[in-house]
Amino acid sequence: MNPSTIVGRVRNRFYQKPSKSEIFSLGLVLGMVGIFIYLSPKIPYAFFDFRIYLNISTSGYGYYYGYWLLPVFNLLEKLPILLSYVLWSSMNILGVFFASRVFGGKAPLALLSFQMLYSLIIGQISGLIVGGLALCWWGLVNKKWYLAGIGIALASTKYQMGLVGSLILLFSAGISWKDWLRSLLIPSMVWAASLVFYPGWPLDVYHLLLNNPPNDQGSLSLWRWVGPWALLFWLPPLVIKISPQRRLLALVAASSLALPYFQSNDLLWLLVMPIGWVGLLGNLGFFLGIFGWIMLQLLALLPLVVYTAALVPKVGKWIKLPAGDDFNPPNLPHPQVGLHQE
């Protein structure tokens with residue numbers, strides 16, 4: 001399949017009419033936002049992270065991300081909390097839906113997942129980061145480097161997930177170094193501007209991490225068990241001779257296993273990929289209230305299964321891991337075969 005055909009498939013998938021299941025899942029998850037608002041007085045952790053984002057204008061406590069998104073939070077902070085929460089939740093939901101269309105995953109699987117609902121109840125930024133990664137890939141597919149750059153700037157706000165994810169996409173796209181530089185122009189300008197308007201913010205975040213590290217009980221990274229040895233997960237996708245598609249899936253899965261810290265809700269990054277029913281493993285998180293934090297740590301099972309299936313074709317066939325040729329990097333002269341072929 002030639003690159004132009006791949007681009008055409010991505011565009012057709014993006015512009016196709018929403019299916020009944022997509023409309024249902026969008027309606028249901030938007031309805032859950034209303035339910036969370038109704039129940040928020042009885043849920044002590046409701047909007048917990050979102051309130052931290054809003055309070056960054058007056059206090060940096062608990063905010064560990066890039067400061068270039070602060071103008072958005074400053075605007076939302078001026079609105080009534082419930083209205084700003086609805087707007088914020090809607091942006092995250094649309095980010096996940098957009099990413100599902102771009103990457104070829106099943107939107108209902110991602111939108112109705114534990115990861116999506118958990119992100120919404122605490123007001124996390126994960127859906128928006130995933131949307132930024134999708135915008136990056138959309139820009140790379142269509143050779144619109146400014147769109148790729150905007151996507152990178154947005155995704156890199158949560159750098160342990162989004163910046164690493166952006167680098168994975170740039171590496172996987174098969175583009176020249178010149179196009180790398182074109183794609184990185186806008187984010188570089190955004191990063192530099194943040195240092196002008198918020199001087200010294202990286203040091204502030206660094207000191208915050210030292211003095212008040214984030215709670216890692218919900219982290220599913222294997223770093224907690226094996227330490228720096230987890231970095232070895234990066235090697236097989238880079239050295240084993242596999243198709244570009246399988247390599248990309250393996251690298252996305254590896255990012256959740258090999259990084260020192262990876263939140264369970266950030267598995268949305270994997271759920272918007274074409275991984276099929278395997279994504280249902282992410283819903284083990286619904287048992288959090290019964291078994292505690294160990295259930296979020298056990299969510300490492302999902303990326304482990306995808307990682308293994310991407311590297312071992314027989315496992316991929318056995319679990320029927322779906323993947324289409326249009327997911328191959330679009331800028332390679334001769335895209336290689338899909339997941340289930342040698």
Side-chain angles (χ1 to χ4, degrees), residues 6-40 46-47 50 76 79 82-139 141-142 147 150-151 154-155 249 252 264-286 302 306 320-327:
I6 295 170
V7 173
R9 281 196 174 188
V10 174
R11 289 178 178 172
N12 290 338
R13 183 174 63 231
F14 176 73
Y15 289 115
Q16 70 183 0
K17 183 179 178 180
S19 65
K20 291 181 180 179
S21 61
E22 288 176 331
I23 294 173
F24 173 78
S25 58
L26 279 170
L28 184 56
V29 75
L30 286 169
M32 289 302 300
V33 172
I35 293 176
F36 290 151
I37 290 174
Y38 176 75
L39 294 176
S40 60
F47 318 157
F50 184 54
L76 290 173
L79 301 174
L82 295 184
L83 175 59
S84 62
Y85 171 72
V86 169
L87 292 174
W88 179 250
S89 299
S90 299
M91 286 190 287
N92 279 271
I93 291 170
L94 291 177
V96 171
F97 180 73
F98 172 67
S100 298
R101 282 296 182 93
V102 170
F103 289 120
K106 299 295 185 183
L109 183 71
L111 290 171
L112 301 180
S113 67
F114 165 80
Q115 286 68 34
M116 182 81 261
L117 298 179
Y118 185 73
S119 293
L120 291 175
I121 187 61
I122 64 175
Q124 245 288 332
I125 195 175
S126 301
L128 207 59
I129 301 303
V130 170
L133 290 168
L135 183 60
C136 171
W137 189 248
W138 178 263
V141 166
N142 292 282
L147 288 179
I150 294 173
L154 177 58
L249 286 175
V252 172
S264 61
N265 42 281
D266 292 340
L267 280 176
L268 284 170
W269 172 214
L270 193 57
L271 291 175
V272 297
M273 296 288 173
I275 60 173
W277 67 268
V278 173
L280 293 173
L281 290 172
N283 290 326
L284 289 172
F286 282 119
L302 171 56
V306 174
K320 295 182 172 62
L321 188 69
D325 290 337
D326 58 329
F327 195 62

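All residue numbers in this chain count up from 1 along the given sequence. This one's a predicted model, so the numbers in the text were calculated from it and none came from an experiment.
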Heavy-atom check, side chain of [X] versus side chain of [Y], under 4.5 Å:
X: Phe36; Y: Ile122; result: no
X: Val96; Y: Ile93; result: no
X: Val102; Y: Val141; result: no
X: Ile37; Y: Val86; result: yes
X: Phe286; Y: Leu117; result: yes
X: Leu87; Y: Leu79; result: yes

What's the spacing between [X] [atom1] and [Y] [atom2] if we round to 0.5 Å?
X: Lys106; Y: Leu280; atom1: NZ; atom2: CG; value: 12.0 Å
X: Ser119; Y: Ile125; atom1: OG; atom2: CD1; value: 10.5 Å
X: Met273; Y: Leu109; atom1: CE; atom2: CG; value: 13.5 Å
X: Leu30; Y: Ile35; atom1: CG; atom2: CD1; value: 11.5 Å
X: Phe47; Y: Tyr85; atom1: CZ; atom2: OH; value: 5.0 Å
X: Ser21; Y: Leu28; atom1: OG; atom2: CG; value: 12.0 Å

Scan residues 265-276 for pairs that pass side chain to side chain donor-acceptor pair (under 3.5 Å), counting only residues two or more places apart or in two chains.
Ser126-Asn265, Ser126-Asp266, Lys158-Asp266

Can you pull out every side chain to side chain donor-acceptor pair (under 3.5 Å) where at least one residue sits in residues 24-40? Sequence neighbours excluded, please.
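Non-adjacent pairs meeting side chain to side chain donor-acceptor pair (under 3.5 Å): zero.
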
Nearest non-hydrogen partners of [X] and [Y], listed with the distance:
X: Val272; Y: Ala110; result: CG1-CB, 4.2 Å
X: Gly139; Y: Leu147; result: CA-CB, 4.1 Å
X: Gly285; Y: Phe114; result: O-CE1, 3.1 Å
X: Met116; Y: Leu268; result: N-CD2, 3.9 Å
X: Val33; Y: Ser89; result: CG2-CB, 3.8 Å

Say whether, by atom type as modelled, one donor and one acceptor occur between the side chain of Asn92 and the main chain of Leu128 under 3.5 angstrom.
yes

Could you go through Ile275 and Leu302, starting from their C-alpha distance and side-chain angles, then the distance that decides it, and tell me whether this counts as side chain to side chain contact (heavy atoms under 4.5 Å, CB included)?
CA-CA 10 Å; Ile275 60 173; Leu302 171 56; 4.3 Å; yes

Among Phe98, Trp138, Trp137, the one residue meeting side-chain contact (heavy atoms from CB on, under 4.5 Å) with Phe103:
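By the side-chain contact (heavy atoms from CB on, under 4.5 Å) criterion, Phe103 pairs with just one of Phe98, Trp138, Trp137: Trp137.
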
Which is it for Val306 and Leu270 under the side chain to side chain contact (heavy atoms under 4.5 Å, CB included) test, yes or no, and what are the steps along the way?
CA-CA 9 Å; Val306 174; Leu270 193 57; 4.1 Å; yes

Which salt bridge (charged side-chain N to carboxylate O under 4.0 Å, His left out) pairs, counting each pair once, include a residue from residues 18-29, with sequence neighbours left out?
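Qualifying pairs, neighbours excluded: Glu22-Arg101.
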
